[in-house]
Visitor: 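One structure follows; several queries about it will come next.
Letters A, B, ... are given to chains in the order of the sequence lines, protein chains preceding strands, and every chain is numbered from 1. Note that the structure is a prediction, hence the values are computed from the model and not measured.
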Amino acid sequence: MLEKTFDPKTAEPRLYAAWEASGRFAPVDDPAAEPFSIVIPPPNVTGSLHIGHALNNTLQDVLIRFERMRGKAALWLPGTDHAGIATQMVVERQLASEGNVGRREMGREAFVAKVWEWKAQSGGTIVNQLRRLGASCDWSRERFTLDEGLSAAVRKVFVTLHREKLIYRDKRLVNWDPHFQTAISDLEVEQREVDGHFWHFAYPLEDGSGEIVVATTRPETMLGDTAVAVHPSDERYKHLVGKKVRLPIVGRLVPIVADEYADPEKGTGAVKLTPAHDFNDFTVGKRHGLEMINILDDFGRLNDAVPQAYRGLDRSVARKRVIEEFEALELLRGVEKTRHMVPHGDRSGVVVEPYLTDQWYVNAEHLAREAIAAVETDRTVFVPKHWEKTYFEWMRNIQPWCISRQLWWGHRIPAWFGPDGTVFVEETEEGAKAKALEHYGRDEPLTQDEDVLDTWFSSALWPFSTLGWPEKTDDLARFYPTHTLITGFDIIFFWVARMMMQGLHFMDEVPFKRVFINALVRDASGAKMSKSKGNVLDPLELVDDFGADALRFTLTAMSGAARDIKLSRPRIEGYRNFGTKLWNATRFTQMNGCARAPGFDPAAVKAPLNRWIVGETQRTSAAVTAALADCGFDEAANTLYRFIWNRFCDWYVELAKPLLTGEDQAAKVETQATAAWALDVILALLHPVMPFVTEELWGQTAGLGAPRAHDGFLMTAPWPELPASLVDPVADAEIALIIEAISEGRSVRQELNVPPQAQPPLLVVEASEAQRNVLKANAPLVARLLRVSEVRFVDAAPEGSIPYVVEGATLALPVAEFIDLAAERARLAKEVAALASDIARTAGKLNNPDFVSRAPEEVVEENRERLAEAEAAKAKLESALARLGAVA
RNA sequence: GGGCGGCUAGCUCAGUUGGUUAGAGCACCUCGUUUACACCGAGGGGGUCGGGGGUUCGAAUCCCUCGCCGCCCA
């Protein structure tokens, strides 16, 4: 006998261990099985599971379990990402907190060794947390972006793209993060609106004929100014173009140039140009051949290109000093407050500097062409579709991708420099040496590029590098392209787009046929969860409190992708209760001898109740299958919830009780077998969403009756495929009548405050022949659930009985002695009013010639029937009301 | 400034291609411990579907417009 509730705390670890030990997380070996693969969005190796991971991985697990049960060779390939900046940051912080020397003092080799140590120590955290969630990843194929195999893939891709001139070295402005002292890509820059000022600075004209006033939000950059620009058609300044100004403080003479970049409407209409520290100024500077003076060092301090007094100052200190000096020189012409966008590093949070350096770039524009075309032609589809727009928007305006990072943790760039700066890009040092020998005619010392690659460079290869590429492995042949990618919209650019580019370029095939973009999890009030706000729900804590199934079901049921998920504990609690409900329904069947019958054929059951539940089960299985096949995770979950709770438990189990305890042995046996059959189907359908409780129940019921065709784990049991012919409309109608008779009768009783103990008969006043037969055959059932003494057939409702109409039949409860006549009149009047308004609406439609002539025939017919039914019901209730009036 | 998403019951959300009386869960009120389940059962109240306009026989659903909220890009 089952316990009263499921105990996730003990059962989940036990079940997971058993699954994992079975080796069945790996795809089946059967070459006939259709491959179905997904690759995990690799979490940061040193990270820990947050609620977003929980959602994303739950959906992946739902999908992979579904396809595995459908008999596919289902592979969910897991792994982790080395997460360059993030990990290096964590380790540096840890070193500092332990009072160690910094990484620079420590040296590259020692530092990287430290990071590996940290990875060894904390790298297992997140994958173990995924296990707690129930993720059925094939751990035997687990990969890490810095694995030797993946590193080989990275080198091969780099070298190939370099040969194709799609990777090149260039000196241009990059986004420089002074905190980490590295370049970052455009995507890693966050524009934040901040309060600032416009300072108006006067630059004296060289010839002493006056001054020109420029406005700037960044005073310190004036130390690197090399021109002033005005709009060519700006009458105020036309006469100054070609003249020079002498930069205060610096003393440098710089030209006034005419350029359309200067906006006459903005500020003073004249703009200072610092080509080495502003993206716009850089472009203008190129146009006019201006000098580019870099005034900063890697740390964001002023360098030796500025006057002595400023050297070594932090940029923020320098800003204050410049302003003070302008004031002292009486050249400050004004200050206005402004709000403006300032670029910040997304990891460091510090203000990013445009900085002139040599970096490696990918010609993303070239690679994007095919990636755009593939989505345009639906070789890869986004679900929901509208995310394609976001993808296209970015892809069509893509900029060169800066891929070098001045970090130590990552894939070191496979480029070696000779003494004269000649670069040799090869997969190995030996290869580079050979090329150098060829080039120089003798051995020359080579030094490898110090930089590493952007983490996303290796992530972009994930769908094929994890399958063994560049080796021609069986896995690669079998599982590439992958089927579905499930990820968040926040990394469409970072990751999805780049996988599309690299996959198409190197595999000539899209990396995945479908991309499902999952929602963002927020707190109950809709705010983004963050540690600083303290509104974070820790998925592991939720698993502890409610079990993994409850959390999974909640996330799945709320995953309607159009909107954010507002997660709250009461919601999870409710779905925990759902698991308990199923548990107890199983417990009930167990107590009542429900067991699988050998050779049970659901199409052959006789009792209408059993025929009905068989049909309902079929409908549910078809709906759930269609939903899951289409990434309709929420729909699948909600369909199951309604079926299991509101149909199976609320009605089937209740209606089956008399059969299970009754005298009719044949009906009893059939019901036991049907219940066992339906429950097996339910467990299978629910398994992808709630794997633990279903697996446990599957195991607990394994010994009841005939053995299952599949006697292993539910996880690998076949998915229910039931023919639509199992639906029996006659049985449906019969059960509908019974359910309605009971429901409506209960409603009458409660509304009129008939005492629960009272057991009047149920009177059947008017009903069709078929309906009479159904009510007669099921009299004990109705009597029990409606708490009436019997079902009695009468010719007319006696005085003081309370009639109600269901499915066109008139039933009545003789409960006059118990009730308040005024309450009953009110009830009837309310019903009559509701019917009257319905009649008015329907009649209005039918009296409209346009409706009758233009609406489809079946819609018109439906309305005619509806009107007739409502009118009949209204007449019955009105006569009852009249009788009551007479009594009073 | 451009784009996307949202606005439906007190709260969180469903509502296929326009077509019964717009649904569910939670919360709330009433009743109930009938041999699966109080992590339960029965019943009930509660919405002019953000505003306005339009198309249509018919609009929560399609179109236009305005408002508010959130996000992305510049």
Visitor: Could you measure between the two P atoms, the one in B:U8 and the one in B:G18, and give it in whole Å?
Guide: 23 Å
Visitor: Take atom C1' in B:C11 and the same atom in B:C28, then report the distance between them in whole Å.
Guide: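 These two C1' atoms come out 12 Å apart once rounded.
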Visitor: Can you tell me, in whole Å, how much space there is between the C1' of B:G47 and that of B:G41?
Guide: 27 Å
Visitor: Using whole Å, what does the distance between atom P of nucleotide B:C72 and atom NE2 of A:His386 come to?
Guide: 15 Å
Visitor: Counting only side-chain heavy atoms from C-beta out, which of B:U12, B:G3, B:A36 sits nearest to A:Lys389?
Guide: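 Among B:U12, B:G3, B:A36, the one nearest the side chain of A:Lys389 is B:G3.
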Visitor: C1' atom, B:C49 versus B:C62: distance in rounded Å?
Guide: 16 Å
Visitor: For A:Trp387 and B:C73, what is the distance between atoms CH2 and P respectively, to the nearest whole Å?
Guide: 11 Å
Visitor: Tell me which nucleotide among B:C39, B:G25, B:A36 gets nearest to the side chain of A:Asn584.
Guide: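 Nearest to the side-chain atoms of A:Asn584, counting from C-beta on, is B:A36.
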Visitor: Taking for each residue the nucleotide of RNA chain B with the nearest heavy atom, is it A:Thr661 or A:Pro756 whose nucleotide lies nearer the 5' end?
Guide: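 That would be A:Pro756.
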Visitor: What is the nucleic acid contact for A:Glu654, judged by heavy atoms within less than 4.0 Å: base, sugar-phosphate only, or nothing?
Guide: base
Visitor: Please state whether the base of B:C26 and the side chain of A:Arg571 form at least one donor-acceptor pair under 3.5 Å?
Guide: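 In this structure, the two groups form no donor-acceptor pair.
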Visitor: In whole Å, measure the gap between the C1' atoms of B:G6 and B:U20 for me.
Guide: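 B:G6 and B:U20 have their C1' atoms separated by 29 Å.
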Visitor: For A:Arg749, answer base if it contacts any base atom (sugar-phosphate contacts may also be present), sugar-phosphate if it contacts only those atoms, and nothing otherwise; contact means non-hydrogen atoms under 4.0 Å.
Guide: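 Nothing, no nucleic acid heavy atom in range.
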Visitor: Looking only at atom types and distance, does a side-chain atom of A:Arg172 sit under 3.5 Å from a main-chain N or O of A:Phe282, one as donor and one as acceptor?
Guide: no
Visitor: Taking B:G43 as the reference, what is the distance to B:A59 when you measure between their C1' atoms (whole Å, please)?
Guide: 33 Å
Visitor: So which atom in A:Val788 and which in A:Pro761 form the shortest heavy-atom distance, rounded to 0.1 Å?
Guide: CB-C, 4.2 Å
Visitor: Judged by modelled atom types alone, do A:Tyr652 and A:Asn610 share a side-chain donor-acceptor pair under 3.5 Å?
Guide: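 A pair is found: one side chain offers a donor N or O, the other an acceptor, under 3.5 Å apart.
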Visitor: Could you give the CZ-to-C1' distance, from A:Arg787 to B:C31, as a whole number of Å?
Guide: 12 Å
Visitor: A:Phe493 CZ to B:C72 C1': how many Å, rounded?
Guide: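 These atoms are roughly 7 Å apart.
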Visitor: Check for me whether the distance between the ring centres of A:Tyr575 and A:Phe546 falls short of 6.0 Å.
Guide: no
Visitor: Evaluate the criterion side chain to side chain donor-acceptor pair (under 3.5 Å) for residue pair A:Ser185 and A:Glu188; output intermediate values, then yes/no.
Guide: CA-CA 5 Å; A:Ser185 73; A:Glu188 292 159 274; 2.8 Å; yes
Visitor: Any side-chain heavy-atom pair from A:Trp677 and A:Thr617 closer than 4.5 angstrom?
Guide: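 A:Trp677 vs A:Thr617: side chains touch.
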Visitor: Using only atom types and a distance under 3.5 Å, with no angle test, would you say the side chain of A:Asn638 pairs donor to acceptor with the backbone of A:Asp634?
Guide: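 Answer holds: yes.
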Visitor: A:Glu388 CD to B:G3 C1': how many Å, rounded?
Guide: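 Taking CD of A:Glu388 and C1' of B:G3, I get 16 Å after rounding.
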Visitor: Can you check the distance between B:U12 and B:G53, where both ends of the measurement are the C1' atom (answer in whole Å)?
Guide: 32 Å
Visitor: Categorize A:Arg587 for me: base, sugar-phosphate, or nothing, with a 4.0 angstrom heavy-atom threshold over every strand shown.
Guide: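 Sugar-phosphate, backbone atoms only, no base.
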Visitor: Provide a list of protein-nucleic acid N or O atom pairs under 3.5 angstrom, restricted to nucleotides 20-22 of chain B.
Guide:
from  : atom 1 : to       : atom 2 : distance (Å)
B:U20 : O3'    : A:Arg866 : NE     : 3.2
B:U20 : O3'    : A:Arg866 : NH1    : 3.2
B:U20 : O3'    : A:Arg866 : NH2    : 2.8
B:U20 : O2'    : A:Arg866 : NH1    : 2.3
B:U20 : O2'    : A:Arg866 : NH2    : 3.4
B:U20 : O2     : A:Arg866 : NH1    : 3.4
B:U21 : OP1    : A:Asp838 : OD1    : 2.7
B:U21 : OP1    : A:Arg866 : NE     : 3.0
B:U21 : OP1    : A:Arg866 : NH2    : 2.1
B:U21 : O5'    : A:Arg866 : NH2    : 3.2

Visitor: Find the distance A:Gln590:CD to B:U35:C1' and express it as a whole number of Å.
Guide: 16 Å
Visitor: Does a nitrogen or oxygen in the side chain of A:Lys657 sit under 4.0 Å from OP1 or OP2 of B:A36?
Guide: yes
Visitor: CG of A:Asp634 versus C1' of B:G15: gap in Å, rounded?
Guide: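 Spelled out: CG on A:Asp634 to C1' on B:G15 is 12 Å.
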Visitor: Is there a donor-acceptor pair closer than 3.5 Å between any side-chain N or O of A:Asn592 and the backbone N or O of A:Phe588?
Guide: yes
Visitor: Between A:Lys4 and B:C39, is there a side-chain N or O to OP1/OP2 distance below 4.0 Å?
Guide: no
Visitor: Got a donor-acceptor contact below 3.5 angstrom from the A:Arg576 side chain to the A:Arg571 backbone?
Guide: no
Visitor: Show each protein N/O and nucleotides 40-44 of chain B N/O combination with a separation under 3.5 Å, one pair to a line.
Guide:
from  : atom 1 : to       : atom 2 : distance (Å)
B:C40 : OP1    : A:Asn577 : ND2    : 3.1
B:C40 : O3'    : A:Lys581 : NZ     : 3.2
B:G41 : OP1    : A:Lys581 : NZ     : 3.1
B:G41 : OP1    : A:Trp645 : NE1    : 2.5
B:A42 : O2'    : A:Gln750 : NE2    : 3.0
B:A42 : N3     : A:Gln750 : OE1    : 3.4
B:A42 : N3     : A:Gln750 : NE2    : 3.0
B:G43 : O3'    : A:Ser747 : OG     : 3.4
B:G44 : OP1    : A:Ser747 : OG     : 3.1

Visitor: If you find the nucleotide of RNA chain B closest to A:Thr589 and the one closest to A:Thr580, which residue's nucleotide is nearer the 5' end?
Guide: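 The answer here is A:Thr589.
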Visitor: If you look at every heavy atom in A:Arg596 and A:Ala702, which pair is closest and at what distance?
Guide: NH2-O, 2.9 Å
Visitor: Take atom CZ of A:Arg396 and atom P of B:A74, then tell me their distance rounded to the nearest Å.
Guide: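 Whole-Å distance recorded here is 17 Å.
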Visitor: Please answer whether the main-chain N or O of A:Val727 pairs with a side-chain N or O of A:Arg619 as donor and acceptor at a distance below 3.5 Å.
Guide: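 Side chain of A:Arg619 to backbone of A:Val727: no pair is present.
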Visitor: For a stem of at least 3 consecutive Watson-Crick or G-U pairs with distances under 3.5 Å, i pairing with j, i+1 with j-1 and so on, which stems involve RNA chain B?
Guide: B:1-7 with B:67-73, B:10-13 with B:23-26, B:28-32 with B:40-44, B:50-54 with B:62-66
Visitor: Quick one: which of B:C71, B:C31, B:A36 gets closest to the side chain of A:Val653?
Guide: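 The closest nucleotide is B:A36.
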Visitor: Any chance the rings of A:Phe692 and A:Phe6 have centres within less than 6.0 Å?
Guide: no
Visitor: Would you call A:Asp278-A:Arg218 a salt bridge at under 4.0 Å N-O?
Guide: no
Visitor: Got a sec: does the CD of A:Glu393 have more than 12 other heavy atoms crowding it under 6.0 Å?
Guide: no
Visitor: Roughly how far apart, to the nearest Å, are B:U21 and B:C64 at atom P?
Guide: 29 Å
